[in-house]
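Just so it is clear, the values below take in all heavy atoms, side chains as well, and ignore hydrogens, waters and symmetry mates. Naming: A, B, ... by sequence-line order, numbering from 1 per chain.
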Amino acid sequence: MKVICDRGALLDAINLISGAVAARTPKVQLTCVKLTATKTGSAGEVTLVATDAEISLRLRLAQVDVQQPGEALIPADKLRQIISAEDSEPTLTLETEAEVIHIKGQDAHFKVFGYQVNDYPPVPEITSVIAGTDGVKAKAVFTQNAALLSGTVARTLFATARENSRYAINGVLMKRDGKKLEMVATDGRRLALCRSTLAGGGDKDAKTISCIVPTKALTMLQRLLGNGDENVQIAITDNQVFFAVGGGAKNEAPHSVLSSTLVEGAFPPYEDVIPKDQDKKVTFDRDVLSSAVRRAALLTNEESRGVRMNFQAKKKHLELSSRAPEMGEAKVDISLAGYEGDDIEIGFNPTFITDALKVISDPQVIMELKAPNKPGVVKSGGDFVYVVMPVNLQ
Amino acid sequence: MVKELVENSIDAGATRIEVELEQGGVELVRVSDNGGGIAKDDLVLAIAPHATSKVGTLEDLDRIATLGFRGEALASISSVSRMSIRSRTTDANEAFELRCEGEIKQPIAPASSPVGTTLSVRNLFFNTPARRKFLKTIGTEQGRCADTITAIALAHPLVGFVFRTDGKTQFDLPPNQTAQERALALLGSELEPEMLVVESDQHDSRGVSLWGLVGTPAIARATNKSQHVFVNGRAVRDRTVQHAIMQAYRGLIEPSRYPTAVLMLEMSPEAVDVNVHPTKAEVRFRDSSLVHSVVYHAISRALKAADLTPTFFTHGGSASNGSAPSAIESKLSHPTAIMPSPFQQPVQTNGPAQTEAFVEYLRRFTPGTDQLTFPLRGSAAPNDGENGAVSAALDGRATNTEEKQAGGPAVTNAASAQNVEGEVYAPKRVDRILQVHNSYVVTQDEQGVVIVDQHALHERVMFEALLARVGRGNLESQSLLTPALIDATADQLGRLEEMKPLLERIGVEAEPAGPRSIAVRSFPSFLFSRNVDPIEFMADLFSLTDEHEEASDAEAKHRLAHPTSDIPHPRSNERLLRDVLDMMACKAAIKAGDHLSDLELDELLRLREAVERSSNCPHGRPTTVRLTIKELERLFGRS
């Protein structure tokens with residue numbers, strides 16, 4: 001294999017793919033990235049593949065001049081460091097000699113010992129699961145606009161549980177239901193739900209299908225979803241999900257394919273959790289509410305982290321306050337226009353509120369409440385519902 | 001029996017008592033003293049039942065200050081053995097001897113003997129074979145006698161004791177020892193660095209005064225045999241006192257271990273009834289909760305004031321070479337106090353005159369006197385500090401001298417002197433901190449290398465914070481979207497209702513959900529931020545309450561069986577709360593294996609100084625061990 005690569009493009013690719021390289025593993029091959037150089041006619045390309053056995057990423061790099069097709073398996077960390085350090089070079093030459101890779105710039109020559117390419121585990125391809133050629137056939141294949149998908153992921157991902165032993169909520173539920181794509185995330189104390197309409201109207205007769213995608217896979221997916229005009233083809237099998245980003249038109253292959261094993265287990269029955277009978281309603285300016293909560297949260301600590309929200313209907317005014325023993329107290333007043341309902345005093349973990357406000361793009365948010373010990377709901381547009389449980393303040 | 005005889009000698013005002021056993025006392029028990037003696041005419045009376053010289057008037061019965069008073073001992077012993085009493089009173093010219101064999105008494109005959117009484121008992125139970133069968137093996141009987149004499153000797157440091165078995169001297173204690181010397185001589189002087197002085201607060205003791213030595217958690221034992229409790233000089237086993245000791249050590253030792261303790265309680269004879277047990281091994285206090293509180297507070301104070309960090313010895317059991325600064329010293333001397341002082345020179349010249357002075361100095365620390373202040377406690381001021389260093393050195397030196405005179409184990413006194421001479425390194429607060437294997441934190445203090453178990457220390461820190469937080473109000477609780485369901489037994493479901501107040505305090509809301517499960521609706525918010533899972537937590541909480549249930553059952557049974565032991569127990573709910581908080585702290589604390597940044601390490605060590613009882617985690621395991629510079633020097637062959 002001998003290729004001349006655009007250094008900037010190669011660095012972007014290697015930075016992305018490092019996320020899929022196994023960090024600590026006894027199997028050294030998994031700490032490597034696999035390079036495959038191919039040439040069709042005059043157009044050459046290099047495919048980079050990395051997997052940590054759960055998540056796999058395949059990236060296509062077109063800004064290359066393939067002089068001799070071939071394969072290489074290189075320690076990802078070293079490759080990344082070299083490419084990153086050769087910052088005065090517009091291009092770099094990568095050449096293999098058995099398992100050894102030579103990386104050459106103008107004035108530098110690196111010789112890196114790689115591994116046998118045959119020892120690298122096979123990484124499943126989206127094309128084969130869609131076609132069912134490898135014995136595994138996708139249960140559902142659908143397409144979504146990258147920007148919409150990115151927005152849906154962003155509005156749910158933050159609410160997932162971190163290292164929870166209820167394994168199923170360490171991921172985001174992805175549900176395809178006719179024309180809609182729905183994502184739901186919860187950590188047991190709050191729940192975020194976001195819907196979007198599938199690209200091209202979807203297929204309204206398609207069977208409902210859902211799966212739980214690991215948090216890490218979605219975090220990586222977000223980095224791949226740069227260009228909003230692209231389409232993302234999504235394929236779900238029994239235990240895997242594929243996201244193929246880009247391509248599609250004129251039978252062009254996608255530039256990035258992310259695949260991940262699914263989280264096993266049952267997602268909590270989230271429909272029951274979303275309250276339907278909230279009788280207190282108010283619309284906030286998102287930034288005003290966000291700022292008020294943030295400031296009121298300044299005097300909370302680990303053991304007393306709740307912020308008290310006191311809605312006063314007659315005075316048209318909301319008082320937010322916090323109190324941490326041995327630390328101090330905070331009080332923030334904001335005006336309350338268009339509040340419907342009786343007075344209520346309710347406590348929330350302020351982080352839970354600001355987390356949601358951060359991902360809402362609409363300048364207006366709706367908050368719905370019922371009772372101090374009943375969940376609060378934050379809504380934005382028609383497609384985002386956020387349920388947050390109160391804290392019991394003393 | 002040995003107890004009775006030795007106590008007789010003490011009641012007779014003896015200052016030196018010799019006890020000899022042959023064949024564990026079955027063959028011969030001989031107790032000789034240099035006390036007041038028994039006059040010729042009284043000899044016959046001495047062995048008559050219920051004749052006693054120790055009660056003069058009826059009122060004396062309410063103020064029993066002598067050890068015996070019933071007049072039964074000699075009478076009953078004489079009826080089952082071949083006994084002889086040879087005695088000479090101070091003002092008599094000759095001694096007389098009374099021999100009797102069972103019921104047969106021989107006439108009193110003149111004999112020769114120094115002033116005092118020698119009482120020999122041969123062939124115990126020779127005429128009652130049935131009783132003889134119930135004597136244990138020679139070894140056991142001898143061990144029991146030794147325990148008895150040890151207890152009596154502890155209580156009477158002013159009386160010299162010699163104890164021989166089959167011709168071998170077991171111990172030979174000089175008269176006129178201080179209580180502390182006596183205790184160390186009997187318990188083993190190698191324990192000295194691990195013993196703390198305990199005394200009651202004079203303002204708060206309401207007629208009960210306490211002096212004693214207690215061991216640090218490091219030398220706690222598996223049985224309570226090393227606890228010696230004396231009430232007005234009488235060795236007793238008392239549940240109230242034992243309980244108070246355990247309470248004071250709560251959270252400092254593992255629950256199955258018993259601290260070493262020698263406690264001398266003094267109170268007016270009216271305040272205690274000694275006549276409740278045949279061998280007077282139990283007493284009944286007029287106000288047992290007062291006794292409990294005096295004991296508890298005195299020990300707690302001593303423990304809080306002390307640096308309980310166990311010192312790490314690389315060699316087994318030879319701690320007695322004094323390579324570690326004694327706990328007593330370290331308690332007394334502020335770090336800055338171990339500086340060279342003008343008083344240093346006199347300390348080193350060890351003239352007899354000074355020894356006398358030291359002995360005199362130590363005399364002041366006898367139990368029962370009103371100024372039991374070690375003048376050095378909490379001596380933070382530089383001035384006091386200097387005195388502290390000197391006194392500490394005096395203390396160490398004088399004790400050593402005493403021991404040498406007593407023919408006890410020779411102790412090198414180099415260590416204590418060196419402590420004064422040696423230049424002491426006083427580390428700054430910001431010192432290099434090393435985390436080893438993501439589990440232990442190594443740093444230094446003025447005594448040497450300090451190794452901290454990060455989980456144990458953080459657990460203790462969290463526990464104290466939680467305890468304080470719960471004291472101010474219920475913990476903040478976060479509601480759950482969907483209740484967490486946990487499996488529960490019918491019994492646990494039944495108990496849920498009575499646990500409600502407790503759960504409320506820690507911020508848990510739970511209710512029965514179906515016949516076999518419990519739904520947790522809300523959960524303390526701080527546990528969430530520590531990634532504690534509600535289901536696991538509740539399961540552990542229930543197993544904890546199961547244990548408590550068993551424990552309180554056992555306690556209830558015990559109370560039924562011993563209706564007299566009116567121990568002031570803290571409400572068992574309160575104890576459960578502490579255990580629950582402990583569990584929360586354990587779950588929320590840093591685990592072994594967690595990497596800590598420098599900042600976090602620094603903070604953790606700062607907390608170590610800020611938190612009470614930081615030397616042990618709430619389970620009682622140590623959080624910190626110390627490797628002293630002395631020990632390091634020894635290891636490297638530099639000492």
Side-chain angles (χ1 to χ4, degrees), chain A residues 159 161-170 184-193 266-275 300-308 322-327 346-352 370-377 386-394, chain B residues 458 461-486 503-511 519-540 581 584-585 587-591 594-595 603 610:
Chain A
R162 310 255 182 273
E163 296 162 30
N164 195 296
S165 57
R166 291 164 77 191
Y167 199 57
I169 60 173
N170 292 336
V184 186
T186 181
D187 65 358
R189 295 160 285 165
R190 35 116 173 239
L191 178 142
L193 181 151
F267 204 77
Y270 63 94
E271 288 92 347
D272 306 345
V273 165
I274 300 169
T300 57
N301 63 12
E302 188 173 33
E303 284 112 42
S304 312
R305 53 179 36 193
V307 164
R308 192 184 301 264
S322 68
R323 184 158 63 95
E326 291 173 359
M327 190 191 270
I346 188 167
F348 287 114
N349 181 333
T351 325
F352 289 178
K370 183 170 172 67
N373 59 353
K374 291 279 190 306
V377 176
Y386 182 65
V387 183
V388 55
M389 296 303 290
V391 294
N392 172 18
L393 297 168
Q394 293 304 321
Chain B
H458 195 224
V461 168
M462 304 267 320
F463 175 74
E464 296 292 338
L466 278 176
L467 200 59
R469 179 67 181 74
V470 170
R472 281 193 298 262
N474 297 353
L475 289 182
E476 184 182 288
S477 86
Q478 162 78 55
S479 311
L480 298 178
L481 269 172
T482 48
L485 290 180
I486 63 163
L503 291 175
E504 206 168 282
R505 289 187 75 176
I506 61 168
V508 172
E509 192 191 323
E511 61 191 31
V520 181
R521 299 208 166 274
S522 51
F523 196 61
S525 38
F526 101 97
L527 283 184
F528 267 117
S529 56
R530 298 273 171 180
N531 265 323
V532 177
D533 183 71
I535 297 176
E536 275 171 34
F537 178 83
M538 289 305 290
D540 289 355
L581 292 180
M584 293 167 85
K587 285 177 183 296
I590 311 163
K591 304 285 181 295
D594 289 354
H595 180 76
E603 177 66 8

Report the residues that fulfil salt bridge (Lys or Arg N to Asp or Glu O under 4.0 Å) with R190(A), sequence neighbours left out, ordered by chain and then residue number.
D187(A), D355(A)
For F348(A) and Q478(B), what are the C-alpha separation, side-chain angles and deciding distance, and is it a side-chain contact (heavy atoms from CB on, under 4.5 Å)?
CA-CA 8 Å; F348(A) 287 114; Q478(B) 162 78 55; over 6 Å; no
With a 4.5 angstrom heavy-atom cut-off, which part of P390(A) approaches chain B: side chain, backbone, both or neither?
both
Working to the nearest 0.5 Å, report the span between CG of L481(B) and CG of D272(A).
11.5 Å
Can you name the closest pair of heavy atoms from R305(A) and S525(B) and give their distance?
CG-OG, 4.1 Å
Set of side-chain contact (heavy atoms from CB on, under 4.5 Å) partners for A468(B), sequence neighbours left out
none
Heavy-atom side-chain contact between L480(B) and R189(A) under 4.5 Å:
yes
Quick check on K374(A): does its NZ atom have over 12 non-hydrogen neighbours (other residues, nucleotides or ligands) under 6.0 Å away?
no
Partner of E476(B) under side-chain contact (heavy atoms from CB on, under 4.5 Å), chosen from N349(A), T300(A), V391(A):
V391(A)
Which of G306(A), P269(A), G347(A) touches chain B most, by non-hydrogen pairs under 4.5 Å
G306(A)
Quick one: pull up CD in E509(B) and CG in N373(A) and give me the separation to the nearest 0.5 Å.
7.5 Å
